[in-house]
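In what follows, a structure is listed as structure tokens, so that the remarks can point back to it.
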Amino acid sequence: MKKVKYFLVFLIINFGALALGVWLMQNGPLSEWYFNLNKAPWTPPGWVFGAAWSFIMFCFSIYIAFLWNSDSSKKVKSLFTVQFLLNVGWNYVFFNRHLVGLGLVVILLLTAIICIFQYDYRKILGLKSLFITPYMLWLFIANSLNLYIWLYN
């Protein structure tokens, strides 16, 4: 029952992060600036981003609920906090401020944090560690999209 409570709390936190990120980007994906960027040929349609992030945050909520407990290490809590800040911050840096290079640094750091989660806690969580895999894979794609925009604009 405790895991269900953690899951619900992290579901609220993670979807709250998505909502905060959307608010901070101030309609960025629909802006003239973004529309006029030279984007990667593999850039998915806009609706894919919302669907992907919803699925990712659902899975990540399950993952973190299994990992988190009242005795969670400072490392888990720190990684989660940094992940939250980087995830939300990327939207502001990239879409709001149009700092594509800094956005790339932010998303690379976020990817590193998620890879640390995946690697460091795989033995503790076993197969449950697969719940973070969609997040990691999507970030690899997002890194390539951000890098392409940085290189070709």
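Numbering of residues begins at 1 and proceeds along the displayed sequence. What's counted below: heavy atoms across the whole structure, side chains too, no hydrogens, waters or symmetry copies.
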Sequence neighbours left out, cut at 3.5 Å: what donor-acceptor pairs do the side chains of residues 41-52 make with other protein atoms?
| residue | atom | partner | partner atom | Å |
| --- | --- | --- | --- | --- |
| W42 | NE1 | S144 | OG | 3.0 |
| T43 | OG1 | A40 | N | 3.4 |
| T43 | OG1 | A40 | O | 2.7 |

Close side-chain approach of N14 and L18, heavy atoms under 4.5 Å: no
Residue from F66, F84, F15, W68 passing ring-ring contact (aromatic ring centres under 6.0 Å, His included) with F10: W68
For Q118 against T133, the heavy-atom pair lying closest together: NE2-OG1, 3.0 Å
same_hphob_cluster(I13, V4) at 4.5 Å side-chain heavy-atom cutoff: yes
Beyond-backbone contact of S73 with V76, side-chain heavy atoms, under 4.5 angstrom: yes
Straight-line distance of L130 CG to C59 SG, nearest 0.5 Å: 10.0 Å
L20 reachable from I12 in the ILVMFWY side-chain graph, under 4.5 Å edges: no
Backbone N/O of G103 and side chain of W90: donor-acceptor pair under 3.5 Å: yes
Enumerate, atom names and distances included, each donor-acceptor pair closer than 3.5 Å involving a side-chain atom of residues 94-101, sequence neighbours excluded.
| residue | atom | partner | partner atom | Å |
| --- | --- | --- | --- | --- |
| N96 | ND2 | L24 | O | 2.9 |
| N96 | ND2 | Q26 | OE1 | 3.4 |
| H98 | NE2 | F95 | O | 3.1 |

Distance-only side-chain donor-acceptor flag, Y34 / N27, under 3.5 Å: no
Exam field: side chain Y148 to backbone N38, donor-acceptor pair closer than 3.5 Å: no
Check against side-chain contact (heavy atoms from CB on, under 4.5 Å), F60 and F80: CA-CA 11 Å; F60 186 55; F80 180 79; 3.6 Å; yes
L110 reachable from F55 in the ILVMFWY side-chain graph, under 4.5 Å edges: no
same_hphob_cluster(F140, L151) at 4.5 Å side-chain heavy-atom cutoff: yes
Expected output: side-chain K39 to main-chain L37 donor-acceptor under 3.5 Å: yes
Heavy-atom closest pair, residues N143 and L108: OD1-CD2, 3.1 Å
Any donor-acceptor N/O pair, N146 side chain to A142 backbone, under 3.5 Å: no
Residues W23 and N91: side-chain donor-acceptor under 3.5 angstrom: no
Separation between CD1 of I56 and CG of L137, rounded to the nearest 0.5 Å: 8.5 Å
Flag side-chain contact, heavy atom, 4.5 Å: Y119 against S129: no
Any D120 side-chain heavy atom under 4.5 Å of K75 side chain: yes
Pair F58 + F7: ring centers closer than 6.0 Å: yes
Spacing of CG belonging to L67 relative to NZ belonging to K3, to within rounding of 0.5 Å: 8.0 Å
L145 reachable from F35 in the ILVMFWY side-chain graph, under 4.5 Å edges: no
Validation row: I64, F131 side chains within 4.5 angstrom (heavy atoms): no
4.5 Å side-chain heavy-atom contact, L104 and I107: yes
Among L109, N87, I132, side chain to side chain contact (heavy atoms under 4.5 Å, CB included) partner for I114: I132
Heavy-atom neighbours of W150 CH2 exceed 12 at 6.0 Å: no
Centroid separation W53 to Y135 less than 6.0 Å: yes
